[in-house]
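Read the structure below first, then the notes.
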Amino acid sequence: MAPAPQRLKRRAEFLRVAQRGRKAPVAGLVLQALERHDDAPARLGFTVTKKVGNAVVRNRTRRRLKEAARLLLREAPVAGCDLVLIGRGSTRRRAFPALIDDLRRALERAGVAPFGEGGAAR
RNA sequence: CCAGACGGCCGGACGGCCGCCGCCGCAGGCGAACGCGGCGGAGGAAAGUCCGGGCUCCACGGGAGAGAGGGUGCCGGCUAACGGCCGGCGGGGGCGACCCCAGGGAAAGUGCCACAGAGAACAGACCGCCGACCCGGCAGUUCGCUGCCCGGCCGGCAAGGGUGAAACGGUGCGGCAAGAGCGCACCGCGCUCCCGGCAACGGGGGCGGCACGGUAAACCCCACCCGGAGCAAGACCGAAUAGGGGCGACCGCGGACGGGCAACCGUGCCGCAGGGGGCUCUCCCGCCCUGUCGCCCGGGUUGGUCGCGCGAGGCGCCUUGCGAGAGGCGUCCCAGAGGAAUGGCCGUCCAGGCCCGCAAGGGCCGGACAGAACCCGGCUUACAGGCCGUCUGGCACC
RNA sequence: GACCCCUUCGUCUAAUGGUUAGGACACCAGCCUUUCACGCUGGUAACACGGGUUCGAGCCCCGUAGGGGUCA
């Protein structure tokens with residue numbers, strides 16, 4: 001992830017991942033993944049609803065998810081899929097190493113193995 | 001020292017590693033990305049959206065019109081403006097520092113004032129007080145009558161009781177059959193004159209003789225203010241599709257053209273009238289546009305640039321004003337974008353809380369409210385903890 | 001960004017500024033019934049919060065909180 005990862009922005013993109021992708025809930029977040037059948041780097045989207053808290057809490061939640069994804073994907077890049085990370089109430093207070101572990105286990109559970117080709121080998 | 005009042009300010013600090021956004025420079029290269037370096041990167045409320053403006057577009061004919069609607073309301077000032085702020089006036093609260101409240105009109109009109117109470121708005125008379133007369137009783141008697149009491153009736157009165165949030169002034173003295181502003185003094189109220197003040201208002205004199213209940217954050221009257229929309233405003237560039245179609249309802253006169261010998265018929269081609277629409281709340285005149293209205297079908301766009309941060313700007317000093325403020329000089333350039341950057345982890349310190357301990361000290365927890373979206377000025381609301389200044393009351397000492 | 005509406009017993013709702021805030025369903029107790037249900041009787045239970053106007057506020061005014069909705 002030498003170049004900054006592409007972000008999902010439009011409502012339609014989020015809906016497509018939610019409807020057709022795989023869902024993996026873990027303690028610190030919920031991951032949705034949808035394979036794209038190409039070898040471009042993974043695109044990321046973040047969702048934190050108003051139920052989680054006010055704007056400050058939502059910002060903190062999203063930034064921790066962003067940082068966890070950055071650190072993990074730097075070690076183990078993923079390609080060929082769209083990922084949506086959904087923040088939940090526990091995201092803000094979870095210890096940061098545990099949050100990275102959560103994300104790693106969620107990627108495995110969604111069938112997105114590291115080293116690129118995992119997205120298609122599920 | 002204790003208790004309190006008011007005003008202002010801060011909103012953790014420093015560092016390390018890995019990162020993010022914008023701009024600039026270097027290198028690179030067709031261009032871009034990556035790389036290196038530099039600068040900048042959330043708040044006092046950025047919030048709620050309760051007000052006021054800037055800016056942009058629309059309308060800018062009679063028009064800053066009339067009406068409707070909304071808002072404001074002691075006086076003077078500040079300000080671009082305000083429902084904001086400052087100073088003052090009046091009322092209320094507090095020993096005090098100080099705090100809270102608000103326009104005028106109820107003698108323009110309308111409405112309402114429950115319950116209680118005799119009576120609630122051109123006052124009224126339940127208990128009551130007083131006088132004359134009549135009946136009865138008791139006592140006295142100089143046998144004429146007198147005094148007291150009960151009741152009836154006629155008349156006078158509104159002091160006292162009682163009801164209420166509120167009862168045609170309050171207190172005292174005189175006066176009277178009993179009473180009453182009936183008279184007087186003081187207070188209140190109204191009118192008037194003088195003085196002070198720019199004014200709100202305050203002070204004083206005289207007169208009146210009490211007459212004018214409350215509620216306009218009830219309707220309303222008066223004065224003043226308000227054109228509408230909002231950066232998804234708006235401007236430019238580019239891309240794409242189209243310069244639409246169908247059904248139903250309604251439509252007068254004239255011309256022109258076509259048909260017909262003619263009467264007449266047809267035609268959204270033209271004019272007028274009408275209808276409809278627009279002139280950003282409504283109406284009149286005026287102007288402009290147009291077949292109109294309803295339903296349905298079909299088609300395109302989700303790109304870029306600007307707007308976009310030099311501003312009623314921040315900081316410091318000086319002058320001026322009681323103050324809100326105003327003026328001058330110097331200095332600084334200080335986030336900006338797109339669903340959106342300002343982060344993650346760690347260490348030390350400064351505050352804070354809890355636990356152990358006689359103490360020294362040690363351990364644990366741990367940063368309040370809250371995130372810019374065109375920009376300013378206010379208001380309101382949320383907020384751990386802390387700092388500074390002025391003042392008041394009390395206690396002690398000198 | 002520009003606005004609008006609502007908040008009353010557990011639930012759904014009423015109320016000229018004036019007694020103890022009414023009704024329905026629900027809940028509780030009793031009666032009826034062999035028992036349950038139905039029915040009858042009685043009871044518990046609410047004006048979102050803070051100020052103000054008024055003699056008096058669920059109602060009027062201001063602010064706050066929560067909920068819902070409209071337009072672009």
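Each chain gets a letter, A, B and so on, in the order its sequence line appears, and its residues count up from 1.
B:G367 and B:A13: their C1' atoms are spaced 13 Å apart (whole Å). As rounded to the nearest Å, B:G227 and B:U390 have P atoms that lie 50 Å from one another. Rounded to whole Å, the separation between the C1' atoms of B:C122 and C:U8 comes to 45 Å. For the P atom pair drawn from B:G179 and B:A200, the interatomic distance equals 49 Å after rounding to whole Å. Comparing B:C220 with B:C112, their C1' atoms sit 15 Å apart, to the nearest whole Å. Taking the P atoms as reference points, B:C189 lies 12 Å from B:G92, given to the whole Å. As rounded to the nearest Å, C:C12 and C:A26 have C1' atoms that lie 11 Å from one another. Nucleotides B:G152 and B:G136 have their C1' atoms positioned 11 Å apart, rounded to a whole Å.
Under the Watson-Crick or G-U wobble criterion, with both distances below 3.5 Å, B:A5 is paired with B:U390. Across all strands shown, B:G307 forms no Watson-Crick or G-U wobble pair with both distances under 3.5 Å. In this structure, B:C189 and B:G208 make a Watson-Crick or G-U wobble pair, each of the two defining distances being under 3.5 angstrom. Base pairing of B:A118 is not made with any nucleotide, judged by Watson-Crick or G-U wobble geometry with both donor-acceptor distances under 3.5 Å. The partner of B:G162 is absent, by the rule that a Watson-Crick or G-U pair needs both atom distances under 3.5 Å. With a cut-off of 3.5 Å on both Watson-Crick or G-U wobble distances, the partner of B:C379 is given as B:G48. Across all strands shown, B:C173 forms a Watson-Crick or G-U wobble pair, both distances under 3.5 Å, with B:G183. In this entry B:A239 has no Watson-Crick or G-U wobble partner, no candidate having both defining distances under 3.5 Å.
A donor-acceptor contact shorter than 3.5 Å is absent between the side chain of A:S90 and the backbone of A:L29. With hydrogens and angles ignored, the 3.5 Å screen pairs no side-chain donor or acceptor of A:R92 with any backbone N or O of A:T61. Side-chain atoms of A:R62 do not come within 3.5 Å of backbone N or O of A:I86 as any donor-acceptor pair. A:R64 places a side-chain N or O within 3.5 Å of a backbone atom of A:T91 that can act as its donor or acceptor partner.
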Give every donor-acceptor pair under 3.5 Å between a side-chain atom in residues 76-84 of chain A and any protein atom, sequence neighbours left out.
residue	atom	partner	partner atom	Å
A:D82	OD1	A:R36	NH1	2.6
A:D82	OD1	A:R43	NE	3.0
A:D82	OD2	A:R43	NH2	3.0

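Note on A:E67 versus A:R70: salt bridge recorded, some NZ/NE/NH1/NH2 to OD/OE distance being below 4.0 Å.
For A:K66, taking side-chain heavy atoms from C-beta onward, the closest of the listed nucleotides B:A42, B:U342, B:C345 is B:U342.
Annotated as anti: B:C82, whose O4'-C1'-N torsion sits more than 90° from 0.
The structure places CG of A:L71 at 10.0 Å from CG of A:L99, a figure rounded to the nearest 0.5 Å. The distance from atom CZ of A:R88 to atom CG of A:L65, rounded to the nearest 0.5 Å, is 11.0 Å.
Contact between the side-chain N/O atoms of A:R63 and the OP1/OP2 oxygens of B:C20 is not found at any separation under 4.0 Å. Residue A:R62 has a polar side-chain atom (N or O) positioned under 4.0 Å from OP1 or OP2 of B:A341. The shortest distance between the side-chain N/O atoms of A:R60 and the OP1/OP2 oxygens of B:G371 is not below 4.0 Å.
Between A:L71 and A:R94, the residue anchored closer to the 5' end of RNA chain B is A:L71, taking for each the nucleotide with the nearest heavy atom.
As rounded to whole Å, 12 Å separates atom C1' of B:A370 from atom CZ of A:R92.
In the region residues 95-102 of chain A, proximity to RNA chain B at under 4.0 angstrom, judged on heavy atoms, holds for A:F96.
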